[in-house]
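Here's the structure, in structure tokens; my notes come after.
Order of appearance sets the numbers: ligands from 1, and atoms from 1 within every ligand. One-based numbering along the sequence shown. A quick note: this is a predicted structure, and the numbers were derived from the prediction, not measured. The figures that follow rest on heavy atoms only: side chains count, while hydrogens, waters and symmetry mates do not.
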Amino acid sequence: MDNWNIETTCVQGGYRPKNGEPREVPIVQSTTFKYDTSADMGRLFDLEASGYFYTRLQNPTNDYVAAKIAQMEGGSAAMLTSSGQAANFFSIFNIANQGDHIISSASIYGGTFNLFNVTMRKMGIDFTFISPDCTEEKLEAAFQPNTKAVFGESIANPALTVLDFEKFAKAAHAHGVPFIVDNTFPTPVNCRPIEFGADIVTHSTTKYMDGHGAAVGGAIVDAGKFDWMAHADKFPGLTTPDESYHGITYAEKFGLGGAFITKATSQLMRDFGSIQSPQNAFLLNLGLESLHVRMKRHCANGMALATFLSSHPKVAHVSYPGLPSDPYYPVASKYMPDGTCGVVSFELKGGRAAAENFMKELRIFAIETHVADARSCCLHPASSTHRQLSEEELLAAGVSAGLVRMSCGLEAEADLIADVANALEKA
Ligand SMILES: *Cc1c(COP(=O)(O)O)cnc(C)c1O
């Protein structure tokens with residue numbers, strides 16, 4: 001792999017056209033692929049040869065873009081999924097079975113919390129949710145003999161807590177399980193969790209990576225460092241023969257760098273079909289090409305808004321890990337010294353009612369479920385994305401009833417501040 005800076009990888013990583021091939025990533029708009037003999041195709045089905053046979057499992061456009069994301073994160077392999085939800089589901093279900101247990105930070109995206117706490121519990125997988133700020137002793141006490149992974153978000157959506165990677169990685173590795181990090185908010189431009197011990201990195205590419213609110217998608221990256229065979233008893237799916245693939249043992253056949261993604265593709269993508277459309281992968285790639293340029297502006301606007309809000313008389317509290325006064329500033333400075341993200345959370349002194357009045361008065365920031373794209377937007381999590389959570393769960397997720405999440409787009413800083421100042425005045 002080329003040893004480029006992240007800016008060059010954003011633009012040129014992944015797809016490397018050969019003589020006479022298209023300069024831009026081609027959209028392979030085909031469900032299926034043609035072979036000369038049944039024997040040729042048989043080798044693909046047996047995973048004896050690599051190639052494409054059906055877009056429910058794999059498509060060349062997706063693989064070019066996944067290769068770029070792997071390179072950006074410093075991983076060994078990657079795959080695209082239909083959404084961030086699918087990415088996080090696969091990242092866990094690829095290694096955990098009925099009867100297994102996962103430790104997750106409590107400060108995570110509402111959709112991920114529901115996936116874990118409701119839907120995956122129905123599959124017989126148990127979760128312990130723990131504060132990202134817990135002591136090492138507390139974290140240690142959360143492990144059970146059936147624990148199979150530790151999960152957290154690098155910067156949590158929407159609470160904006162920052163994960164202490166080394167604390168979580170150390171505990172996971174001491175127990176012989178991988179550390180999985182959802183790195184959606186900072187993106188690999190600002191933070192590369194693999195450098196700090198993450199084994200698997202996931203993304204909702206729907207956010208900054210696409211960056212234009214155009215395509216829902218997800219990605220999973222394998223660091224290629226976790227030694228499944230060294231903990232073979234914990235991960236039989238990777239370390240014992242897969243009868244649905246003629247007795248292949250993924251960790252033996254594909255090694256450290258390939259086992260996780262090959263299994264997720266050939267089993268989970270085959271059976272669940274949560275593939276990203278090649279059209280969306282193409283759009284995602286356009287977003288990736290400018291990601292390093294856009295992240296700088298998102299962060300500058302986020303910093304300006306956070307600074308403005310923190311001295312406003314109607315504001316009770318501001319969360320932005322780039323602010324020196326923020327409790328997560330030290331850990332953010334360590335793991336993402338070039339910037340965090342463009343999302344700022346804050347609480348108005350008037351609570352829920354004031355939040356709703358404030359949001360109605362905004363002209364540039366639009367009320368949307370979405371976050372992290374070119375157009376500034378805002379959300380009241382307690383009445384939308386986190387609506388299903390109980391008061392206690394809201395508290396654990398760092399979401400108070402009056403919390404407003406502001407996502408700074410790429411507009412002029414002065415216009416964004418003026419919009420917020422005007423709405424605060426009227427609220
Ligand atoms: C949005 C989001 C998800 C879910 O991604 P979708 O693409 O909406 O399925 C997961 N994790 C984080 C941190 C998110 O912000």
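- Proximity to Gly217 (heavy-atom distance under 4.0 Å) selects the following atoms of ligand 1: 7 (O).
- Taking the six-membered ring where tryptophan is involved, the planes of Phe358 and Phe346 are perpendicular, since the angle between them exceeds 60° and thus also 30°.
- Phe272 and Phe89 have perpendicular rings, their planes meeting at more than 60° on a 0 to 90° scale where under 30° would count as parallel.
- Stacking of Lys207 on the aromatic ring of Tyr109 is recorded, both the 6.0 Å distance cut-off and the 45° axial limit being met.
- The option with the heavy atom closest to atom 14 (C) of ligand 1, from among His203, Lys207, Glu153, Gln85, is Lys207.
- Heavy-atom neighbours of Glu425 CD from other residues, nucleotides or ligands within 6.0 Å: at or below the threshold of 12.
- Side-chain atoms of Thr206 and Ser204 include a donor-acceptor pair closer than 3.5 Å.
- Closest to atom 11 (N) of ligand 1, if we only count protein heavy atoms, is Asp182 OD2, 2.6 Å.
- Distances from atom 6 (P) of ligand 1 to the heavy atoms of Ser154, Ala372, Gly84 put Gly84 nearest.
- Interface atoms of ligand 1 facing Thr206, defined by a heavy-atom separation under 4.0 Å, are 6 (P), 7 (O).
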